[in-house]
Amino acid sequence: MDEHEIALREDYAPWSFGELASPATRADQAAYQDELRSRGHTIGRDCVVSRLAAVHPDTLTLGDRSTVAAHAHLSGDLVIGADCTVNVSTVVRGTVRLGDAVRIGGQTSLLGFDHGMADLTEPIFRQPMSSLGITVGDDVWIGSHVVVLDGVRIGSHAVVGAGSVVTRDVPEWAVVVGNPARIVRDRRTVATTPDTLRSFADRARADAPDLLARHWDGAAWTDSPGGAPTVRAHCDAIEIADLLLGTPPEPWSRDEHLARLHGRQSADGLVHELGWTGGTPDVPLPGLGDDTDVYHLLSVGYALDLLGSTWRAPITPVAELDPAGVVRALEDLDFPHDAWSAGHRADALGTALTWELRAGRPVPDGVVDALLGWLLVHRDPGTGLWGVARDVDGLRLPVNGFYRTVRGTFAQLGVDLPGTEATIDAVLRHAADPRTFGPGRETACDALDVLHPLSWLTRHDRRHRWPEIQQVAQAHAQRIVGRWVPGHGFAFDTRPGSAPTLQGTEMWLATLWYAADLLDESEALGYRPRGVHRPEAALTLG
C-alpha cells in the first residue's frame, strides 16, 4: 500500500489510523487536535478527526477513541461519547448528544434543529429556527442514509436500519426501519433461526408416526384421540404424513386410501360426512351442501392430489353452473357482513372448478371469468378486502374471508390480484389487533389467514412494509415452535388446556411454513405444503 493510499485510508477509514499512520501523519493529527482544543473544544484520548471533514461546531466534546471521517459535517452544540464513529459524509448538526459506542453509518444526517414555517407572510428562510435537540443513548447502531429529525431520543442498545427516517422516539433495545421509522422487533427477543426451525422439524418428524397412530381408532382417523372418525381427519392425516414423512399414513396403503376416498363420493360428486343420511340445508351456491360438504371439496380433493389421483366423478352442482348462475350465487353470499363464511363458499366454488378443469372435464364458457370478475368488482377499494370491520373484532371476518376467497380463486388459479398495498396495510392492521392475537385468543385459522395473504401478496414485490411483515412472521414463528406438544402435535387454538388435534397440527405446520417463507428460512423446515395450503397455484389459466 503506497503513501497516498494510506493517507486516504486514514481519512476515509479512520479506525485504521492506529495501524497505518506514519510518524508524520500522527504528528499532523496531534497538531490538528490541538488546534481544535484551542478553539475551546474537548478532544479525548486516541481520537482521529479527518482534516477532510468540516468541523466547525459552536461547542464540541469528543470522547476517547472516537473518530470523524472525511466529508463529515459537524456544527452546533455537540457532545459525542467514547468509542463513537461519525463516518464518511455524515452530518451531525444542531444540538446533539451521543452516548458511548454510537456507530453512525455514512451519508446519515442527525439534524438537531428545525426551520420555522408558521408565518405564511414570510419566506421560510427568514423565520426563526428552533432546536429541541437529539439525544442518543449508549451502544446504538445507526445505519447508512438515515435521517434523524430534531426532538428525537434514541434509547440505548437500539438499531436504526439503513435508509430510515426517524421522526419519533426510539425505545431502548428497539430495531426500527422505514420511513417513517417503525419498530420491527426488540433485540432482546430471541429470533427464530434456521437452526431453530430445523430442530423443530426434526422433532415433529420423529413424533409423526406416534402422533398419527394416536388418531387411528382401528378403522379410521379421528381429529381427537377417542373422538368420532371424520372425513377431514382422514384427509388431515394424509396431509401431515405428506409434510413430515413423505408417505401415506399407516396402516393403509396408497391404494387403500384412494379406495376409501373415492368410495365416499356420492352421485353428485360431493363427499358427505361419515354417517350422513341424506338431505342438505338450503344454502347459497345451491347443491354444494352444508359447510362440511363444502370443505370436503378442498380436503378430499387435495388428499387425492397428494396420493396422485383426482376427483373421480364430475362435481355436478359446479359442472352445471353458467356465468349468470355464478353471479347469482355470489350475490346471495353475505360478503359485506360475513366475509369469512362467504369466502368459505367462494373458496369451494373455485376449488371445484379447479378439479373439473384439471380432470379435463368441460366447464361452461365464462364461468371462471364471471367468478373472478365479480370478486374484483366487489372488493372494498380502501382495504382490498371483502366485507367491513365490526366493533367486536375489527377486521377479523374480512381478513379471514380474504384468505378463503383468494386461496380458492386467484391464488389457486394462478391469477394476480391488483391493489396489493392497501390489502397489506389492512392485514397488518389486523395482525396487531389484540382482540384476535392477544394471549389465549389466537387460533390456527387466524394466524394462517394473516401469513398466507402476506406471503402471496408479496411474492413478486417485497418493498411495501416488508420489515414489518417480517416482524409479524418472526413473532408468529417464535410462538408456533413453542406450542408443539411432544408426541401429540398442535392444538387448534391457544387457550390454556386445549388438546392437540389433527386439524390443529396440519394447519399450524402449514402456518409455520408461511412464517418461515416470509423470513426466507423455509428450507430449514425440510417440508413444503402441497395440499390445501400449498403456496403454488394448483392450476394456471392461460
Determine, step by step, whether R198 and E523 satisfy the salt bridge (charged side-chain N to carboxylate O under 4.0 Å, His left out) criterion, reporting the C-alpha distance in whole Å, the side-chain angles of both residues, the deciding distance to 0.1 Å, and the verdict. CA-CA 9 Å; R198 196 173 294 112; E523 290 186 2; over 6 Å; no

Check step by step if side-chain contact (heavy atoms from CB on, under 4.5 Å) holds for H344 and V294. CA-CA 8 Å; H344 177 52; V294 165; 3.5 Å; yes

Check step by step if side-chain contact (heavy atoms from CB on, under 4.5 Å) holds for I469 and T458. CA-CA 9 Å; I469 291 171; T458 59; 3.8 Å; yes

Show your reasoning for whether side-chain contact (heavy atoms from CB on, under 4.5 Å) applies to L539 and Q412. CA-CA 6 Å; L539 176 72; Q412 189 164 232; over 6 Å; no

Would you sort out whether H257 and H234 count as a side-chain contact (heavy atoms from CB on, under 4.5 Å), showing the intermediate values? CA-CA 9 Å; H257 283 287; H234 183 183; 2.8 Å; yes

Go through the steps to decide whether R232 and D223 satisfy the test salt bridge (charged side-chain N to carboxylate O under 4.0 Å, His left out), and finish with yes or no. CA-CA 8 Å; R232 177 168 183 164; D223 189 46; over 6 Å; no

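In this structure, R390 CZ and R435 CZ are separated by 10.0 Å, a value rounded to the nearest 0.5 Å. Note: L512 CG to L451 CG = 9.5 Å, rounded to the nearest 0.5 Å. Taken to the nearest 0.5 Å, the CG atom of L509 stands 9.0 Å off from the CG atom of L525. Rounding to the nearest 0.5 Å places CZ of R530 at 12.0 Å from OH of Y302. Once rounded to the nearest 0.5 Å, the distance linking CE of M507 with OG1 of T443 reads 7.0 Å. Note: W216 CH2 to L211 CG = 15.0 Å, rounded to the nearest 0.5 Å.
Ring orientation note: the planes of H157 and W173 are close to parallel, at an angle under 30° on the 30°/60° scale. Relative orientation of the F490 and W508 rings is tilted, given thresholds of 30° and 60° on the angle between their planes.
Side-chain contact of T193 with T196: a donor-acceptor pair under 3.5 Å is present, judged by distance alone. In this model, a donor atom of one side chain and an acceptor atom of the other lie less than 3.5 Å apart for S341 and D338. There is a side-chain donor-acceptor pair under 3.5 Å between R379 and T423. In this structure, a donor-acceptor pair under 3.5 Å is present between the side chains of D268 and S266. Under 3.5 Å, the side chains of D517 and S455 contain a donor-acceptor pair of N or O atoms. Using modelled atom types and a 3.5 Å distance limit, the side chains of W374 and E331 yield a donor-acceptor pair. Side-chain polar atoms of D446 and T436 form no donor-acceptor pair below 3.5 angstrom. With 3.5 Å as the limit, one finds no donor-acceptor pair spanning the side chains of D433 and H430. Between the side chains of Q474 and Q470, no donor-acceptor pair of N or O atoms lies under 3.5 Å. For the residue pair H533/E506, the side-chain donor-acceptor check at 3.5 Å is satisfied.
Without hydrogens or angle criteria, R182 side chain to P467 main chain gives no donor-acceptor distance under 3.5 Å. Proximity of a side-chain donor or acceptor of N179 to a complementary backbone N or O of S164 within less than 3.5 Å is not detected. In this structure, E172 contributes its side chain and A158 its backbone to no donor-acceptor pair below 3.5 Å. A donor-acceptor pair under 3.5 Å is formed between the side chain of T108 and the backbone N or O of G143. A donor-acceptor pair is defined here as one N or O able to donate and one able to accept, closer than 3.5 Å; no such pair exists between the side chain of D380 and the backbone of L385. Remark: the backbone N or O of G350 is paired with a side-chain donor or acceptor of T354 at under 3.5 angstrom. A distance-only check finds a donor-acceptor pair linking the side chain of T409 to the backbone of T405 [under 3.5 Å]. The backbone N or O of L304 sits nowhere less than 3.5 Å from a side-chain atom of W311 that would complete a donor-acceptor pair. Using modelled atom types, no side-chain atom of S109 and backbone atom of L111 make a donor-acceptor pair closer than 3.5 Å.
Surrounding CZ of R479 are more than 12 heavy atoms belonging to other residues, nucleotides or ligands, all under 6.0 Å away. For D461, the CG atom is densely surrounded, since the number of other residues' heavy atoms within 6.0 Å is greater than 12.
Residues L454 and Y514 fail the side-chain proximity criterion, which asks for heavy atoms closer than 4.5 Å. Residues D114 and L149 form no side-chain contact, since every pair of their non-hydrogen atoms from C-beta on lies 4.5 Å or further apart. Residues T420 and H464 have side chains not in contact (no heavy-atom distance under 4.5 Å, counting atoms from C-beta outward). Looking at W484 and D207, their side chains come closer than 4.5 Å, going by heavy atoms from C-beta outward. Within the 4.5 Å cutoff, the side chain of V318 has no heavy atoms near those of the T316 side chain. Between L518 and W466 there is a side-chain heavy-atom pair separated by less than 4.5 Å. Residues L245 and P209 form a side-chain contact, since some pair of their non-hydrogen atoms from C-beta on lies under 4.5 Å apart.
Taking the centre of each ring, W513 and Y527 stay at or above the 6.0 Å mark. A centroid separation of less than 6.0 Å is found between the aromatic rings of H476 and F437. For an aromatic pair to be called close, the ring centres must be under 6.0 Å apart, and H296 with H272 fails this.
Residues forming a ring pair (Phe, Tyr, Trp, His ring centres under 6.0 Å) with H215 (at least two apart in sequence, or on another chain): none.
Among all heavy-atom pairs drawn from L212 and A241, the shortest one is CD1-CB, 4.0 Å.
Checked options F410, W386, W340; the residue passing with F402 is W386 (criterion: ring-ring contact (aromatic ring centres under 6.0 Å, His included)). The only option from R483, R495, R396 that meets the salt bridge (charged side-chain N to carboxylate O under 4.0 Å, His left out) definition with E442 turns out to be R483.
Salt-bridge check for D139 with R103: failed, with every basic side-chain N at 4.0 Å or more from each acidic carboxylate O. The existence of a salt bridge linking R528 and D242 is excluded, since no basic side-chain nitrogen approaches an acidic carboxylate oxygen closer than 4.0 Å.
Counting only residues at least two apart or in different chains, salt bridge (charged side-chain N to carboxylate O under 4.0 Å, His left out) contacts with residues 399-427 comprise D347-R407, R404-D449, D416-R459, D425-R465.
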